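Within every chain, numbering begins at 1; the chains are lettered A, B, ... in the order of the sequence lines, protein sequences first and strands thereafter. These figures come from a predicted structure and were not determined experimentally.
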2 protein chains.
Amino acid sequence: MVAQRDGDREFGRLLQGLASEMNLLGHDFAAAQGLHATDVQALLAVLRATDPPGITPGGLRAELGLTSGAVTAVLDRLERAGHVHRTRDAADRRQVHVHYHPDAARLAFDWFTPVAHCTDRVRSEFRAEEVATVVRFLTRMTEELERLRQDRRERQPR
Amino acid sequence: MVAQRDGDREFGRLLQGLASEMNLLGHDFAAAQGLHATDVQALLAVLRATDPPGITPGGLRAELGLTSGAVTAVLDRLERAGHVHRTRDAADRRQVHVHYHPDAARLAFDWFTPVAHCTDRVRSEFRAEEVATVVRFLTRMTEELERLRQDRRERQPR
DNA sequence: TCGAGATCTCTCAATCATTGAGATATCCTC
DNA sequence: GAGGATATCTCAATGATTGAGAGATCTCGA
């Protein structure tokens, strides 16, 4: 009754549903903080970027799919609200690095703690090797989607 | 060196990264179709809703985290562009059902076919029981996040 | 060393998506 | 029926996003 095709379809739907649910969490956080959805996405991207130098506006542009003007506006808002601050790169003074303010990190951390508990709870339902499988899947899936986007961008540069 | 805490953190980051990547696919589709990111999210939600009666504006409101005014605007745009159409429920004439136009479905289907291939490719790297594990994980994760959001909404109704 | 081109960020005006309150129509229950 | 609840839409105000272009800095070849 449930053919391979249906399985695939269900699979995609599952992924979409999860992504959508995570988006909504962002919306809720935004509403709770008096921020806008885009600002939250940007803030999370900044928090996620632990590579020492932080993330640049250009990186955010790529990560959020916004134009440069929009990124500047987002960062202005976040900076005005005290969540992040900008520093110029000493080596390449064209570049700007965005850093989060520790308080912003704590705020986000506190708010997302219940979410982390959710993750833990689900995680604890799986055996270690199953978790490893899931991690492998998530990693591969992300890689493949990244590659797909990159390919498309190269094939259609404008 | 990598403690449990770090593992958790990495796990959340993985999920976020995947969700973000899927979001970007939406952005790309939007750009390709001359739509806006929100419109695409809405269109996908409509396509995803296969429960026979379709989805209502209220359902979209919940699914996209928008206000009623915004949903009306989104649907106006999608309807004007010929992607969806609205019908009134015969039994409850307050309600509206949103249906996609077959051409819109085909358009989205064609565009997302390479994405489906991505999913298939990754999927084929896993044994059947591993796929089952991943499906179980995705399902549980979505359920838990849904529940978390619901709990929060009930605790803080306004 | 200099200059052309590339890269990164920001500015600014125009556009248009979103909010939020309220209007309208319909349903449900007493 | 009347009152309250529910679902959607309207509309003015707000402000986020776009897109072109300016400014500053770097890179590399002549």
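Here the side chains of B/Leu18 and A/Met22 are not in contact, with every heavy-atom distance at 4.5 Å or above. A/Val46 places none of its side-chain heavy atoms less than 4.5 Å from the side chain of A/His83.
Residues A/Arg136 and B/Glu130 are paired through a salt bridge, judged by an N-O separation under 4.0 Å between the basic side chain and the carboxylate. Between A/Arg152 and B/Asp28 there is no salt bridge, since no side-chain N of the basic residue sits under 4.0 Å from a carboxylate O of the acidic one. Looking at B/Glu63 and B/Arg48, a side-chain N of the basic residue comes within less than 4.0 Å of a carboxylate O on the acidic one, giving a salt bridge.
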Treat primed atoms plus P, OP1 and OP2 as sugar-phosphate and everything else as base, then score nucleotides 22-30 of chain C 5' to 3': B for base contact with protein heavy atoms under 4.0 Å, S for sugar-phosphate contact only, - for none. ----BS---

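If you take CZ of A/Arg61 and C1' of D/dT18, they are 12 Å apart, rounded to a whole angstrom. Going from atom CG of B/Asp76 over to atom C1' of D/dC11 covers 13 Å, rounded to whole Å. Atom pair B/Leu75:CG and D/dC9:C1' shows a separation of 11 Å (rounding to whole Å applied). Taking atom CZ of B/Arg86 as the reference point, atom P of D/dA7 lies 17 Å away to the nearest angstrom.
Residue A/Val71 is out of contact with every strand shown, counting any heavy-atom pair closer than 4.0 Å.
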With ring-ring contact (aromatic ring centres under 6.0 Å, His included) as the criterion, how do A/Phe11 and A/Phe137 come out once you've worked through the C-alpha distance, each side chain's angles and the decisive distance to 0.1 Å? CA-CA 13 Å; A/Phe11 205 63; A/Phe137 169 80; 5.7 Å; yes

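B/Leu14 contributes atom CG, which lies 4.5 Å from atom OG1 of A/Thr139 (distance to the nearest 0.5 angstrom).
Heavy-atom distances to DNA chain C give each of B/Gly69 and A/Gln95 a nearest nucleotide, and the one nearer the 5′ end belongs to A/Gln95.
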Under 3.5 Å, which protein N or O atoms sit close to an N or O of nucleotides 13-16 of chain D? Give each pair with its distance.
residue, atom, partner, partner atom, Å
D/dA16, OP1, A/His36, NE2, 3.2
D/dA16, OP2, A/Arg77, NH1, 3.4
D/dA16, O5', A/Arg77, NH1, 3.3

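Note on the helix from C/dT1-D/dA30 to C/dC30-D/dG1: angle between the axes of the first and last five pairs equals 30°, rounded to 10 degrees.
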